[in-house]
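Report on the structure given below.
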Amino acid sequence: MKFSELKLNDRVLEALDAMRFDECTPVQEQTIPVILDGKDLIAVAQTGTGKTAAFLLPVLNKLSEGGHPEDAINCIVMSPTRELAQQIDQQMEGFSYFMPVSSVAVYGGNDGVLFEQQKKGLSLGADVVIATPGRLIAHLSLGYVDLSKVSYFILDEADRMLDMGFYEDIMQIVKYLPKERQTIMFSATMPAKPHCTPAKIQQLVKTILNNPVEVKLAVSKPAEKIVQAAYVCYENQKLGIVRSLFAEEVPERVIIFASSKIKVKEVAKALKMMKLNVGEMHSDLEQAQREFIMHEFKSGRINILVATDIVSRGIDIDDIRLVINFDVPHDSEDYVHRIGRTARANNDGVAITFVNEKEQTNFKHIENFLEKDIYKIPVPSELGEAPAYKPRNTGTGNGNRSRNFRKGGGKRSGGDRSKSRK
């Protein structure tokens with residue numbers, strides 16, 4: 001479907017034409033009419049499917065047609081990370097170029113000037129505020145932010161926000177919002193994780209959404225040009241396998257994903273002891289540290305990045321040569337997100353997963369989803385005998401467990417600018 005076939009006004013279509021957007025992606029085709037119709041929405045779609053445009057375009061369409069209070073915050077877009085907030089803000093700038101709509105991005109950092117810029121945009125009432133939960137609460141607590149006129153409340157990557165522990169922050173922000181509003185929730189996955197339980201998701205959805213329309217797009221298979229392989233091993237053999245992989249040559253860009261920040265720290269420390277050029281990325285780092293590490297990695301001064309899933313989506317690095325899953329991802333969506341960091345921009349890539357005895361059944365779920373057996377590389381003989389691959393019978397499931405919607409419930413499924421174009 002073409003964007004011109006949707007009920008978007010001429011200003012939005014002009015912006016899309018200038019940006020050479022013609023055809024809708026599936027998520028845009030299914031969700032834009034729902035949002036234009038004023039209904040609450042839960043949409044589950046992967047990163048890279050065009051979901052940012054799916055929520056920005058219809059909201060901009062409504063704002064540009066008038067009828068909203070001037071010099072007031074009319075839309076809040078919540079983002080789990082500064083990086084994603086910046087990306088949304090960049091798209092917002094492009095889409096709103098031909099419209100009298102102002103915006104401000106609000107996220108953490110140690111720059112006092114940045115905080116003052118954010119304060120000014122919030123105080124003056126930018127139409128659209130793109131914010132991370134913690135920084136928005138910091139501004140709210142100082143008393144100069146009025147959210148009483150917000151018409152649109154959008155949570156992007158809601159699953160990641162809950163997984164990062166932002167449930168209470170989201171609920172605190174909701175208290176400042178009017179009950180009469182349109183709430184839109186986008187998510188790449190809705191996994192069952194220790195501090196992101198199905199009950200908590202159901203509770204969030206029941207509290208903040210009103211009879212939402214539910215849209216779920218099937219998870220795409222990984223790109224065919226990604227070479228996928230696995231080592232079936234004992235947990236204490238994993239570092240030895242890494243050592244053997246990098247014995248002769250270290251690829252220029254490697255991301256090693258681990259299941260927790262504790263594991264990331266342990267793996268990074270071990271690799272540094274091997275004299276490898278390593279950086280680590282996890283939620284314990286200050287924002288400035290994360291930005292520095294990412295800059296060093298992109299520039300090639302660090303060639304191995306050990307990370308939690310905080311970088312498995314939403315960060316554009318096109319020349320990753322190798323992705324290693326030090327632990328088996330929780331489910332097929334996480335697997336696709338992780339290995340999708342490689343083989344981008346017409347490059348080839350390799351994805352290797354380490355599978356210990358306890359992870360075998362989970363890995364089999366992923367193989368079932370992929371509808372193929374991933375090649376198992378023999379563990380180097382010097383590391384001793386490895387376990388046989390004998391996962392428990394998993395049937396024909398696709399690896400997406402505990403993700404069914406219930407009607408009326410949840411699916412588990414830049415710098416700062418205040419643009420004065422009012």
Side-chain angles (χ1 to χ4, degrees), residues 193-194 222 226-282 302-309 311-312 320-332 334-339 341-343 348-370 372-394 397 399:
K193 294 186 178 178
I226 301 176
V227 177
Q228 300 177 62
Y231 285 92
V232 178
C233 59
Y234 293 111
E235 184 66 27
N236 61 10
Q237 293 175 319
K238 290 182 176 181
L239 283 173
I241 297 171
V242 173
R243 186 182 290 107
S244 69
L245 287 172
F246 299 152
E248 295 184 8
E249 183 181 4
V250 180
E252 290 181 8
R253 296 278 198 287
V254 182
I255 298 181
I256 300 177
F257 285 110
S259 58
S260 67
K261 58 191 175 186
I262 294 173
K263 181 70 72 70
V264 166
K265 293 173 184 178
E266 291 174 352
V267 173
K269 181 178 179 181
L271 296 183
K272 287 172 183 175
M273 292 177 68
M274 296 179 198
K275 307 300 183 185
L276 294 170
N277 192 8
V278 180
E280 59 188 74
M281 181 73 72
H282 49 75
I302 289 174
N303 53 11
I304 301 174
L305 183 66
V306 187
T308 57
D309 284 307
V311 296
S312 67
I320 302 299
R321 300 292 188 244
L322 172 64
V323 168
I324 296 175
N325 292 311
F326 198 86
D327 305 298
V328 174
H330 182 267
D331 47 45
S332 54
D334 284 346
Y335 180 83
V336 170
H337 287 305
R338 285 186 183 187
I339 75 169
R341 298 304 91 195
T342 188
D348 294 326
V350 177
I352 297 174
T353 304
F354 298 165
V355 187
N356 70 24
E357 318 96 289
K358 294 179 181 179
E359 297 170 318
Q360 289 190 14
T361 299
N362 205 21
F363 190 66
K364 186 60 180 176
H365 278 292
I366 292 169
E367 289 185 309
N368 288 345
F369 169 76
L370 299 173
K372 70 176 185 180
D373 292 331
I374 294 174
Y375 175 69
K376 314 300 187 299
I377 305 173
V379 172
S381 57
E382 65 268 21
L383 297 178
E385 188 176 348
Y389 186 54
K390 293 183 178 179
R392 292 197 304 273
N393 182 18
T394 60

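Everything numeric in this text was worked out from a predicted model, so none of it was measured.
- Proximity of I304 to I255: side-chain heavy atoms (C-beta onward) are nowhere separated by under 4.5 Å.
- Between I339 and V323, the closest heavy-atom pair is CA-CG1, 4.3 Å.
- Using a 4.5 Å heavy-atom threshold, the side chains of V232 and P387 count as touching.
- Taking a 6.0 Å sphere around CD1 of I377, one finds it holds more than 12 heavy atoms contributed by other residues, nucleotides or ligands.
- Side-chain atoms of Q237 come within 3.5 Å of backbone N or O of L383 as a donor-acceptor pair.
- With hydrogens and angles ignored, the 3.5 Å screen pairs no side-chain donor or acceptor of S332 with any backbone N or O of I366.
- Taking each heavy atom of F354 and V328 in turn, the nearest pair found is O-CG2, 3.6 Å.
- With rounding to the nearest 0.5 Å, the separation of CZ in R338 from OG1 in T353 is 8.0 Å.
- Atom CD of E385 is separated from atom SG of C233 by 13.5 Å, given to the nearest 0.5 angstrom.
- A donor atom on one side chain and an acceptor atom on the other are found under 3.5 Å apart for Y335 and Q228.
- Within the cation-pi definition used here (under 6.0 Å to the ring centroid, within 45° of the axis), K376 does not qualify as a partner of Y231.
- To the nearest 0.5 angstrom, F246 atom CZ is 8.0 Å from N303 atom CG.
- Looking at residues two or more places apart in sequence or on another chain, you find a side-chain contact (heavy atoms from CB on, under 4.5 Å) between K272 and V278, E280.
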Give the intermediate values and the outcome of side chain to side chain contact (heavy atoms under 4.5 Å, CB included) for residues L322 and I320. CA-CA 6 Å; L322 172 64; I320 302 299; 5.8 Å; no
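- In terms of the side-chain contact (heavy atoms from CB on, under 4.5 Å) criterion, residue partners of E235 (sequence neighbours excluded) are, by chain and number, K238, K263, F326, D327, N356.
- For N325 (side chain) and I256 (main-chain N/O), no donor-acceptor pair under 3.5 Å exists by modelled atom type.
- R321 has no carboxylate O lying under 4.0 Å from a charged side-chain N of E249, or vice versa, which leaves the two without a salt bridge.
- Closest heavy-atom contact between P391 and K364: CB-CB, 3.8 Å.
- The minimum heavy-atom distance between V379 and A386, with the atom names listed, is CG2-CB, 3.7 Å.
- Across A230 and I374, no two heavy atoms sit closer than the pair N-CG2, 4.0 Å.
- Between G279 and I302, the shortest heavy-atom contact is N-CG2, 3.5 Å.
- With E367 contributing its side chain and D373 its backbone, the two residues share no donor-acceptor pair below 3.5 Å.
- Remark: K265 engages D284 in a side-chain hydrogen bond (donor to acceptor under 3.5 Å, both in side chains) (not counting sequence neighbours).
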